[in-house]
Amino acid sequence: MTSPIYRRIYAVVQRIPAGKVATYGQIARLADLGGHARQVGYAMHALPANSHVPWHRVVNAKGEISIRSEPLAAEVQKQLLEAEGIIFEKHSKINLHRYRWQTGSVKIR
DNA sequence: GCAGTGACTAGTA
DNA sequence: ATACTAGCCACTG
């Protein structure tokens, strides 16, 4: 069920402040996964719907929503982000320079 | 235990 | 600028 890796990923995602986003690779680095971003996406997919983890604040390195298997969830994610003040550009992209969570060199474990 | 899968990323063309 | 490829490795059947 919830492996240690998953819980570490969720712990990092929960640190993302409202109105900010983080990339999969960023989460992987902060969670000491060695930059294995795919596992972050996998963990998000396994996340139960009733979780309080702000999964919608996680986007890919291009600033786009990456959900392939659940296109409906992508719409939900977009609306949740817009509700937090994040403005989407063309092709449902967001400006990472403006909205990316600035974690600096602080690692979260 | 092995093979297939994937909410990714960085590189190359 | 976009499109394709290889590498990555936990999870699933």
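Convention: sequence-line order gives letters A, B, ...; per-chain numbering from 1. Computed over heavy atoms, backbone and side chain alike; hydrogens, waters and symmetry mates excluded. All values derive from a computational prediction rather than experimental measurement.
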>> So, OP1 or OP2 of dA7(B): does either fall under 4.0 Å of a side-chain N or O from Arg68(A)?
In response: yes

> Is any side-chain heavy atom of Leu30(A) less than 4.5 Å from a side-chain heavy atom of Trp101(A)?
Replying inline: yes

> Expressed in angstrom and rounded to an integer, what is the separation of Lys78(A) atom NZ from dA7(B) atom C1'?
Replying inline: 17 Å

> Can you tell me how far C1' of dA10(B) sits from CG of Leu96(A), to the nearest Å?
Replying inline: 15 Å

>> Using whole Å, what does the distance between atom P of nucleotide dC8(B) and atom CZ of Arg29(A) come to?
In response: 18 Å

>> Output the rounded distance in Å from OH (Tyr6(A)) to P (dC9(C)).
In response: 16 Å

>> What's His36(A) touching, base or sugar-phosphate or nothing? Going by heavy atoms closer than 4.0 Å.
In response: sugar-phosphate

> At what distance, to the nearest 0.5 angstrom, does CD1 of Ile67(A) lie from CE of Met44(A)?
Replying inline: 10.5 Å

>> Using 0.5 Å steps for rounding, measure from the CG atom of Leu33(A) to the CD atom of Gln39(A).
In response: 8.0 Å

>> Heavy atoms from C-beta onward define the side chain here; which of dG6(B), dC11(C), dC8(B) lies closest to that of Gln39(A)?
In response: dG6(B)

> From dG6(B), dA7(B), dT9(B), pick the nucleotide closest to the side chain of Ser69(A)?
Replying inline: dA7(B)

> For the pair made of CG in Leu47(A) and P in dC11(C), what is the distance, rounded to whole Å?
Replying inline: 14 Å

>> Measuring from the side chain of Ser3(A) (C-beta onward, heavy atoms only), which nucleotide among dC11(C), dA7(B), dT9(B) has the closest atom?
In response: dC11(C)

>> Without decimals, in angstroms, what is the distance between Arg7(A) CZ and dA10(C) P?
In response: 17 Å

> Hey, mind stepping through His52(A) and Gln14(A) against side chain to side chain donor-acceptor pair (under 3.5 Å) and telling me if it holds?
Replying inline: CA-CA 8 Å; His52(A) 54 287; Gln14(A) 285 181 342; 3.2 Å; yes

>> Tell me the interatomic distance from Ile5(A), atom CD1, to dA7(B), atom P, rounded to whole angstroms.
In response: 18 Å

>> Once hydrogens and angles are ignored, does a donor-acceptor distance under 3.5 Å link the base of dA7(B) to the side chain of Tyr24(A)?
In response: yes

>> When you compare the side chain of Leu80(A) with that of Glu84(A), does any pair of heavy atoms fall below 4.5 Å?
In response: no

> 5'-most contact on DNA chain C: Tyr42(A) or Arg38(A), nearest heavy atom basis?
Replying inline: Arg38(A)

>> Counting the atoms with a prime plus P, OP1 and OP2 as sugar-phosphate, which does Leu33(A) contact under 4.0 Å by heavy atoms, base, sugar-phosphate, or nothing?
In response: nothing

>> From C-beta outward on Ala61(A), which listed nucleotide comes closest to its side chain: dT9(B), dA7(B), dA10(C)?
In response: dT9(B)

> Between atom CD1 in Ile27(A) and atom C1' in dA10(C), what is the gap in whole Å?
Replying inline: 17 Å

